[in-house]
Amino acid sequence: MNTNLEHWHHNHRMYTIAITGGIGSGKSVISTMLRIMGYRVYDSDSEAKLLMDSSADIKARIAAEISASAITEDGDIDRMALGQCVFADAKALETLNRIVHTAVRNHFNTWRKGMDIAFIETAIPYQSQIDRMVDEIWEVTAPDAVRISRVMKRNGLTAGQVQARIDAQRYTPASPHPCIYTIVNSMSEPVLPQLIGLLNQLPT
């Protein structure tokens, strides 16, 4: 960590942390706690949806690179039609992800300007290449059984459906981020002391 700190003192710059974790791990709980403490957290999921609905550039690229039928006459995204395009075609899904991830990265870059410390919540730091934009990754974890019961309560899915989503999300990056910290968010481990510990070791 020292080199990071020295670098920080030489040229004071923004420090960025990604908060990540699979479905039911409770990463949004961590984001909420940070917001309560006065930090700003960028939520990539909701921002991606807003960008898709508001960006003429994204819509134009979807029409050109995926399917014109995915855009309605009013110029809105027809999510049903787009969903059918990408579920049937892995290449189309890859294209959509690339379009959206690029827009999110650019938007996040603008959003974090002028901040000393910025947080970004993302379920897929590596696939979205957010990992290349952050100094640390805080990974929120919980045992599968805990995650399954949380998501069943929240989404009304069966245990099998939740397990399938957990398995589908498992991802081993070719080169993991050099600075990863784990926050254990099981029912037995208090989260706040872990969070405060991580905040206390940030550059000041």
Side-chain angles (χ1 to χ4, degrees), residues 1-52 54-55 57-58 97-143 146-147 150 169-186 189-204:
M1 281 301 292
N2 267 350
T3 51
N4 258 353
L5 290 176
E6 282 156 21
H7 181 70
W8 173 264
H9 291 307
H10 283 311
N11 69 8
H12 181 67
R13 62 179 186 101
M14 145 194 6
Y15 201 80
T16 307
I17 296 125
I19 297 160
T20 188
I23 187 169
S25 61
K27 64 180 175 300
S28 50
V29 172
I30 303 300
S31 296
T32 302
M33 286 178 168
L34 286 165
R35 287 189 185 101
I36 290 168
M37 292 174 179
Y39 293 99
R40 303 216 17 225
V41 185
Y42 183 97
D43 178 352
S44 349
D45 266 7
S46 58
E47 295 292 350
K49 288 188 181 84
L50 290 170
L51 284 168
M52 284 179 77
S54 63
S55 161
D57 181 51
I58 290 181
N97 284 338
R98 193 177 60 247
I99 293 168
V100 176
H101 294 330
T102 304
V104 167
R105 287 198 308 271
N106 292 341
H107 187 249
F108 172 59
N109 232 349
T110 310
W111 177 90
R112 68 178 174 171
K113 278 200 171 64
M115 290 185 204
D116 286 341
I117 293 182
F119 290 90
I120 178 166
E121 182 186 321
T122 170
I124 47 168
Y126 297 102
Q127 300 94 312
S128 61
Q129 293 177 6
I130 296 288
D131 66 303
R132 300 176 192 184
M133 302 174 71
V134 300
D135 298 285
E136 297 182 5
I137 291 180
W138 294 0
E139 189 169 353
V140 186
T141 66
V146 174
R147 294 170 60 186
R150 277 180 191 152
Q169 277 185 349
R170 287 198 211 279
Y171 181 81
T172 309
S175 51
H177 195 279
C179 199
I180 300 173
Y181 296 96
T182 303
I183 297 172
V184 179
N185 184 17
S186 61
E189 196 97 5
V191 163
L192 196 55
Q194 298 178 69
L195 186 56
I196 289 167
L198 286 175
L199 289 169
N200 285 341
Q201 52 98 36
L202 288 176
T204 49

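Count residues from 1 along the sequence.
To the nearest 0.5 angstrom, S28 atom OG is 11.5 Å from L34 atom CG. For the atom pair W138 CH2 and L198 CG, the distance stands at 4.5 Å (nearest 0.5 Å). Taken to the nearest 0.5 Å, the OG atom of S25 stands 8.0 Å off from the CD atom of Q169. Annotation: the span from D43 atom CG to K49 atom NZ amounts to 8.0 Å, rounded to 0.5 Å. For the atom pair N109 CG and M133 CE, the distance stands at 4.0 Å (nearest 0.5 Å).
Results of the side chain to side chain contact (heavy atoms under 4.5 Å, CB included) test with T16 over D135, I117, I130 single out D135 as the only residue that passes.
Side-chain contact between W111 and I120 is absent, with no heavy-atom pair separated by less than 4.5 Å. For the pair T32 and V29, the minimum side-chain heavy-atom distance is 4.5 Å or more. In this structure the side chain of Y181 never reaches within 4.5 angstrom of the side chain of Q194, judged on heavy atoms. Here the side chains of F108 and E47 are not in contact, with every heavy-atom distance at 4.5 Å or above. M33 is listed as a side-chain neighbour of V191, based on a closest heavy-atom distance under 4.5 Å.
Partners of T182 under the side chain to side chain donor-acceptor pair (under 3.5 Å) rule, at least two apart in sequence or in another chain, do not exist in this structure. Remark: H177 engages Y126, D131, V134, I137, C179, I180 in a side chain to side chain contact (heavy atoms under 4.5 Å, CB included) (not counting sequence neighbours). R132 is linked by a salt bridge (Lys or Arg N to Asp or Glu O under 4.0 Å) to nothing, counting only residues two or more places apart in sequence or in another chain. Under the rule for a side chain to side chain contact (heavy atoms under 4.5 Å, CB included), the partners of V146 that lie at least two apart in sequence or sit in another chain are A142, P143, R150, M187. N106 pairs by the side chain to side chain contact (heavy atoms under 4.5 Å, CB included) definition with T102, not counting sequence neighbours. In this structure, the side chain to side chain contact (heavy atoms under 4.5 Å, CB included) partners of S31, at least two apart in sequence or on a different chain, are I19, R35, V41, E121. H101 pairs by the ring-ring contact (aromatic ring centres under 6.0 Å, His included) definition with nothing, not counting sequence neighbours. Listed by chain and residue number, nothing satisfies the side chain to side chain donor-acceptor pair (under 3.5 Å) test with T172 (two or more places apart in sequence, or in another chain).
For K27 (side chain) and V140 (main-chain N/O), no donor-acceptor pair under 3.5 Å exists by modelled atom type. When atom types are taken as modelled, the side chain of Q201 and the backbone of G197 share no donor-acceptor pair closer than 3.5 angstrom.
For residues 17-40, the pairs satisfying ring pair (Phe, Tyr, Trp, His ring centres under 6.0 Å) are Y39-F119, with sequence neighbours left out. Listed by first and then second residue, the salt bridge (Lys or Arg N to Asp or Glu O under 4.0 Å) pairs that reach into residues 98-113 are E65-R98, sequence neighbours excluded.
Pairing each heavy atom of T20 with each of I124, the nearest pair is OG1-N, 4.5 Å.
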| task | List the steps, then state whether side-chain contact (heavy atoms from CB on, under 4.5 Å) holds for I196 with M37. | result | CA-CA 10 Å; I196 289 167; M37 292 174 179; 4.1 Å; yes
